[in-house]
Colleague: 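Have a look at this one.
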Amino acid sequence: MRADAGDVAGAESAATPSAAAAGRAGGVAIHGPGGAGRPLSALADQRNRVVSTGLTDRLDERRRARRRLHRGWLIRAGAVAAVAVLVVWACLFSPLLALRTADITVTGGDGAVDAAAVQESLAAHAGRSLLRLDVDALGEQVADSLVRVREAEVTRSWPHGLAVTLTMRVPVAVRSTDAGHQVLDDEAVVLDTVSQAPEGLAVIQAEPGQELSQAQVSAVTEAIGSLSAQVRARVATGAVSGTGRVTLTMVGGATVVWGEATDNELKARVLEVLLGQEAQTYDVSSPHSPTTS
């Protein structure tokens, strides 16, 4: 019995350093069937490394996904921008909608101005996109460049043309000057200067030694211009006093006392009614109380 106790004590003392060494190595050792052991701390470290590696992989994959999404957005935005630039260039700067003078159409003319004259006045804009043209400014340009045109309305005619509608100035009187016979409209604008007075227009007369001012000439043309075409054709001459009172002489010799160049539209309507009766003098200077004699 003593020998067995000694053997046990020897075995315990031999086992004690191994346990201490295991403790110093990192904790409790797990023994396998072959007697080899791995500390618990080593297993924990391995599990931590596995978890850490998996998390890192997932974060990297998310970053890559975000980068792919960002690149896709940039590609789409670039494509949209490129298409927008192409559309703007095509519409504003390419020949796609460029003006062609041959495609400019003109209506409303009276024969004094033809389509070629209007096309020539707008020729400087040929090749420019219709979208870049200011049609109101083009209308003013036509009226300013062609004296016979009172106003012009311009609209776009896709894809290469313009439609121009003219309102013409109407000749109403003629005035003799040293340079020739001036053809005037109702605003006393000189439409033409000719060597022989045209037929069918009233002649503006001045008293001997009288030099008519522009205001006096305008007073006569405004009075004649307010008449209808039928009545205007019956006016032979027009005269104006130094005080601006207008007198018209009809083809048959009758006199129209017009007075000052005011209420012209009303006077014209009253005169047209009065001309339905025979008289030598038609006084419409006071259109609300006209008289004949």
Side-chain angles (χ1 to χ4, degrees), residues 78-177 179-202 204 214 217-218 221-222 224-230 232-233 265:
V80 170
V83 171
V85 170
L86 181 61
V87 170
V88 170
W89 175 82
C91 293
L92 299 182
F93 301 101
S94 77
L96 182 64
L97 300 176
L99 174 65
R100 299 173 183 171
T101 53
D103 291 340
I104 297 176
T105 59
V106 180
T107 58
D110 60 357
V113 175
D114 57 11
V118 176
Q119 291 170 352
E120 182 179 356
S121 70
L122 298 175
H125 303 283
R128 183 174 298 179
S129 171
L130 297 186
L131 293 174
R132 297 173 58 198
L133 296 177
D134 184 343
V135 293
D136 293 333
L138 293 181
E140 294 177 0
Q141 180 178 333
V142 171
D144 290 343
S145 60
L146 301 172
V147 68
R148 287 274 186 169
V149 177
R150 183 186 296 274
E151 61 183 40
E153 181 182 357
V154 179
T155 57
R156 297 175 181 87
S157 180
W158 308 101
H160 300 293
L162 294 172
V164 183
T165 303
L166 303 178
T167 300
M168 305 300 295
R169 293 185 180 275
V170 179
V172 299
V174 61
R175 178 191 180 193
S176 297
T177 66
H181 300 280
Q182 294 179 337
V183 180
L184 309 175
D185 75 340
D186 61 333
E187 296 178 344
V189 174
V190 179
L191 305 181
D192 199 2
T193 301
V194 295
S195 59
Q196 187 175 355
E199 296 182 359
L201 295 180
I204 299 177
Q214 184 63 33
V217 174
S218 296
T221 59
E222 288 173 8
I224 299 174
S226 66
L227 300 171
S228 66
Q230 293 78 9
R232 189 166 60 241
E265 299 297 330

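Positions are given from 1, in the same order as the sequence printed here.
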Colleague: With a 4.5 Å heavy-atom cut-off, do P198 and V174 have their side chains touching?
Modeller: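 Heavy-atom side-chain distance check passes, below 4.5 Å.
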Colleague: Closer than 3.5 angstrom, by distance alone: can the side chain of H181 be matched with the main-chain N or O of Q196 as a donor-acceptor pair?
Modeller: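 The answer is no, because no donor-acceptor pair under 3.5 Å joins these two groups.
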Colleague: What distance separates I204 CD1 from Q182 CD, expressed to the nearest 0.5 Å?
Modeller: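 I204 CD1 to Q182 CD: 9.0 Å, rounded to 0.5 Å.
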Colleague: Just wondering, more than 12 heavy atoms not from E153 lying within 6.0 Å of its CD?
Modeller: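 No, CD of E153 has 12 or fewer neighbouring heavy atoms, counting only those of other groups under 6.0 Å.
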Colleague: Working note: R169 + D192, criterion salt bridge (charged side-chain N to carboxylate O under 4.0 Å, His left out); need CA distance, chi angles, decisive distance, verdict.
Modeller: CA-CA 11 Å; R169 293 185 180 275; D192 199 2; over 6 Å; no
Colleague: Can you tell me if Q141 uses its side chain to pair, donor with acceptor, with the backbone of L122 under 3.5 Å?
Modeller: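 Here the side-chain-to-backbone pair does not exist.
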Colleague: Kindly write out the residues that satisfy side-chain contact (heavy atoms from CB on, under 4.5 Å) with A123, not counting sequence neighbours, or none if the list is empty.
Modeller: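 Counting only residues at least two positions away or on another chain, A123 forms a side-chain contact (heavy atoms from CB on, under 4.5 Å) with T101.
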Colleague: Of all heavy-atom pairs between A143 and E151, which one has the smallest distance, and what is that distance?
Modeller: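 It is CB-CA, 4.1 Å.
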Colleague: For the backbone of D186 and the side chain of T221, can you confirm whether one donor and one acceptor N or O come within less than 3.5 Å of each other?
Modeller: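 Flag set: sc T221 to bb D186 pair under 3.5 Å.
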Colleague: Write down the atom of P159, the atom of L130, and the distance for their closest heavy-atom approach.
Modeller: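 Taking every non-hydrogen atom into account, O-CD1, 3.4 Å.
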Colleague: Going by side-chain hydrogen bond (donor to acceptor under 3.5 Å, both in side chains), name the residues that satisfy it together with R128, two or more places apart in sequence or in a different chain.
Modeller: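 side-chain hydrogen bond (donor to acceptor under 3.5 Å, both in side chains) check on R128 returns nothing, list empty.
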Colleague: How many angstroms lie between CZ in R150 and CG in D185, if you round to the nearest 0.5 Å?
Modeller: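 CG of D185 is found 5.5 Å from CZ of R150.
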Colleague: Name each donor-acceptor pair under 3.5 Å that joins a side chain in residues 131-140 to protein atoms two or more places apart or in another chain, with its distance.
Modeller:
| from | atom 1 | to | atom 2 | distance (Å) |
| --- | --- | --- | --- | --- |
| D134 | OD1 | D136 | N | 3.1 |
| D134 | OD1 | A137 | N | 3.3 |

Colleague: Just wondering, more than 12 heavy atoms not from E187 lying within 6.0 Å of its CD?
Modeller: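 Yes.
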